[in-house]
Participant: 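Input: one structure, supplied below.
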Amino acid sequence: MSELNDLAQKENINLDDCIVFTKDGGDILAVNIAYVGIKQRQDKMMGINFSISPKKVKELEEFFADLTDGQLLFYNISQTGHIPVNYRGLSTVSKKISTDPEAVFQISLLVEPAQDMPKQSYFDPTCECCTLHHIL
């Protein structure tokens, strides 16, 4: 956690405005959520789409370059907690067509949940007097 705080101070970023990726080995990458879109498919795969500057694209590609299919990593959106996912791939970079003089590139990251969340997280009731008796 101290590495994350050091990164925030060094880069002068607010972690509440970022999605932070952490490799199992501890490497960290923070991207402002204003440039990120997330979509979850029916098969539980998740696409994280980035519309970012060429400099940030390079950082993103370097960060994910050594990951292999199925390797564990974590993401944390606005400091809400680290979510484990399996890396599934990174798309090719494409240039977004616009009249804006600053070049914006798009790239997508594909991940899947690292563990299935149980559909039912409650026990069968064992008594009728306690309102919280069935919560894990």
Side-chain angles (χ1 to χ4, degrees):
M1 188 67 175
S2 64
E3 288 181 29
L4 190 56
N5 292 331
D6 292 343
L7 174 71
Q9 288 180 345
K10 178 183 167 191
E11 300 286 329
N12 193 25
I13 56 176
N14 181 357
L15 294 175
D16 290 338
D17 296 334
C18 291
I19 180 170
V20 177
F21 296 95
T22 307
K23 291 183 188 176
D24 208 17
D27 293 338
I28 299 169
L29 175 70
V31 179
N32 190 310
I33 56 176
Y35 308 113
V36 178
I38 300 174
K39 294 182 182 179
Q40 184 159 1
R41 302 182 336 190
Q42 287 182 339
D43 62 357
K44 296 186 182 179
M45 295 288 272
M46 188 168 63
I48 303 172
N49 306 309
F50 302 90
S51 294
I52 50 181
S53 69
K55 179 184 173 190
K56 207 60 175 172
V57 167
K58 185 176 179 183
E59 288 178 29
L60 196 90
E61 286 181 318
E62 289 173 355
F63 182 80
F64 291 108
D66 64 343
L67 290 177
T68 58
D69 189 35
Q71 190 168 347
L72 182 68
L73 71 131
F74 301 87
Y75 72 89
N76 183 351
I77 301 172
S78 300
Q79 299 192 64
T80 56
H82 295 283
I83 308 295
V85 291
N86 293 322
Y87 174 79
R88 289 296 175 206
L90 200 59
S91 73
T92 58
V93 179
S94 63
K95 186 174 181 181
K96 186 175 181 180
I97 300 172
S98 79
T99 57
D100 189 2
E102 294 211 14
V104 175
F105 291 87
Q106 295 178 322
I107 190 167
S108 295
L109 170 67
L110 192 61
V111 296
E112 71 178 352
Q115 59 192 16
D116 286 330
M117 295 299 199
K119 290 182 180 178
Q120 183 59 270
S121 60
Y122 299 99
F123 292 133
D124 289 330
T126 55
C127 66
E128 294 180 25
C129 61
C130 176
T131 60
L132 303 175
H133 65 278
H134 59 283
I135 298 176
L136 289 175

Participant: In terms of side-chain geometry, is the basic nitrogen of Glu61 or Lys58 positioned less than 4.0 Å from the acidic oxygen of its partner?
Facilitator: no
Participant: State yes or no: do Leu110 and Leu60 share one hydrophobic cluster built from I, L, V, M, F, W and Y residues joined by side-chain heavy-atom distances below 4.5 Å, directly or via other members?
Facilitator: no
Participant: Please answer whether the main-chain N or O of Gly81 pairs with a side-chain N or O of Asn76 as donor and acceptor at a distance below 3.5 Å.
Facilitator: yes
Participant: Minimum heavy-atom separation for Asp16 to Ser78, with atom names?
Facilitator: O-OG, 2.7 Å
Participant: Between CD of Gln79 and CD1 of Ile19, what distance do you get to the nearest 0.5 Å?
Facilitator: 13.0 Å
Participant: Does some side-chain heavy atom of Lys56 sit less than 4.5 Å from a side-chain heavy atom of Phe105?
Facilitator: no
Participant: Which heavy atom of Lys23 sits nearest to which heavy atom of Leu73, and what is that distance?
Facilitator: CA-CB, 4.4 Å
Participant: Closest approach of Val20 and Ala30, non-hydrogen atoms and distance?
Facilitator: CG2-CB, 4.1 Å
Participant: Is there a chain of hydrophobic side chains (I, L, V, M, F, W, Y, each step under 4.5 Å between heavy atoms) that links Leu72 to Ile77?
Facilitator: no
Participant: Side chains of Tyr87 and Leu109: closer than 4.5 Å at any heavy-atom pair?
Facilitator: yes
Participant: Decide yes or no for Asp24 and Phe74: does some side-chain heavy atom of the first lie under 4.5 Å from some side-chain heavy atom of the second?
Facilitator: yes
Participant: Between CZ of Phe50 and CD1 of Ile38, what distance do you get to the nearest 0.5 Å?
Facilitator: 8.0 Å
Participant: Can you list the steps and then say if Val93 with Gln106 is a side-chain contact (heavy atoms from CB on, under 4.5 Å)?
Facilitator: CA-CA 6 Å; Val93 179; Gln106 295 178 322; over 6 Å; no
Participant: Answer whether the closest heavy-atom distance between the side chains of Val104 and Tyr35 falls below 4.5 Å.
Facilitator: no
Participant: Rounded to the nearest 0.5 Å, how far apart are CG of Asp66 and CD of Gln71?
Facilitator: 7.0 Å
Participant: Same hydrophobic cluster for Ile83 and Met45, using side-chain heavy-atom links shorter than 4.5 Å among ILVMFWY?
Facilitator: no
Participant: Check whether any side-chain heavy atom of Glu112 sits under 4.5 Å from a side-chain heavy atom of Val85, and report yes or no.
Facilitator: no
Participant: Indicate the atoms forming the closest heavy-atom contact of Phe21 with Ile48, along with that distance.
Facilitator: CE2-CD1, 3.9 Å
Participant: If hydrophobic clusters are built from ILVMFWY residues whose side chains come within less than 4.5 Å, do Met46 and Leu90 share one?
Facilitator: yes
